[in-house]
Structures are given as structure tokens and as C-alpha cells.
Amino acid sequence: PKDAITSPRGPHRALSLVVFFTALWFIFLKMLSEPTFFDGITYGAVAQNLATASQGYWNLSYTATIFPSFVGHPPFFLWLLRLTFFLPQLPFPPEFCLNFFLLIATLILIQKLWISVQHNDAPTFSAWIPLSLFLITPILRESFSSALIDNLLCLFNLLTVLLLLNCGK
């Protein structure tokens, strides 16, 4: 039998969950209390234009006069962001729904990545360490609270590294 330290229900598991939910709480409060960057507002407006489908799915635009052809940004993020405008009315902007989902997925992938690089004999439920480092990094908190494209890129990078590490096993 495993001892209390290395068991899945040991103190490391509880600490990981506490840090996970603390990170979600702090970033969610920051999302609700501070205004977003201009980039996040721009992406939200372009996604809302896509949701109304007045321009078509391939013609990204901010307005008819300002950035009538919105290029230079990955359209996949804007298409995902467009889906949040079909959700029921919420007390916060719809683009925060996608960013909150990306935050949860990123935290889970950080934990999975940490566990996958641990040795078999090491306690694998010490994932509170990278989650804590993620929580104290100000630029990451700003990114997730401001509806930036970098959040999806962060998720894709983590997923790529995790898949590369696991394809050799």
C-alpha cells in the first residue's frame, strides 16, 4: 500500500486542488474587476460581427470604416470566440467564457505535463508547484483576464509538448 504522501488522496493532491482553485478564483476576479485591453475588445467586436454573420464567415472586419479587412490574426481564435456570443445572456462579457475555459484547460494541461515528466518513483501529485508559479506570473494573469489570442496559443503549445512527451512512451 502507498503511504499518505504518495497516495492520490494525500496532502500533495489537496494542495494541488487548493492552488488550482485559487488560481481560477484570482484570475476570474481579475477578469470581472478590470477592463480588458484594446486587443481583447477588438477581438470581441470582430467575433460579434462573425456571430451576426452580416459579413460572412471569411470576411473578418472590425467596422465598415475601421479595419474593414481584419487580417494578420489567426481566425480560429475568432471563430471560437464567436461561439460564446450564442450562449445565454451572462452578467459578464461573453469573451470571458472562452478565456475562462482556456484557463481551466491550461491549468489542467500544466498539471498533466508536470505529472508526465516525473519519475515513476517520485510523488506525482506535486503539481501545485507549477500551478503556483503560473499563478504568481503577472503577465499570464493579465493575458487571461484580457481576452488575448495568446491564451489559445499557450494551450496549443502545452498540448503539443504533452503529446510529444507521450508519443515516445
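What you are looking at is a predicted structure, and each value in this text was computed from that prediction instead of being measured. Heads up: numbering here begins at 1 and tracks the sequence.
- Remark: T106 OG1 to N99 CG distance equals 9.5 Å, nearest 0.5 Å.
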**Asked** For L155 and F101, what are the C-alpha separation, side-chain angles and deciding distance, and is it a side chain to side chain contact (heavy atoms under 4.5 Å, CB included)?
**Response** CA-CA 11 Å; L155 183 76; F101 169 76; 5.5 Å; no
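- Within 6.0 Å of the CG atom in L163, the count of heavy atoms belonging to other residues, nucleotides or ligands exceeds 12.
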Does L109 form a side chain to side chain contact (heavy atoms under 4.5 Å, CB included) with L159? I'd like the steps, not just the answer.
CA-CA 7 Å; L109 282 178; L159 189 60; 4.1 Å; yes
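- One distance of note links CG of L113 with CG of L164; it measures 10.5 Å at 0.5 Å rounding.
- Taking I104 as the reference, F20, L24, F100, I108 meet the side-chain contact (heavy atoms from CB on, under 4.5 Å) condition, with sequence neighbours excluded.
- To the nearest 0.5 Å, atom CG of residue L152 and atom CG of residue L98 are 7.5 Å apart.
- One distance of note links SG of C154 with CD1 of I149; it measures 14.0 Å at 0.5 Å rounding.
- Contact record, L148 with F77: O-CZ, 3.7 Å, taken as the closest heavy-atom pair.
- Side chain of N151 to main chain of L103: no donor-acceptor pair is present (N/O by atom type, distance under 3.5 Å, no hydrogens or angles).
- With hydrogens and angles disregarded, a donor-acceptor distance shorter than 3.5 Å links the side chain of T160 to the backbone of F156.
- Put simply, the side chain of T84 never gets that close to the backbone of L80: no donor and acceptor are under 3.5 Å apart.
- I110 places a side-chain heavy atom less than 4.5 Å from the side chain of L158.
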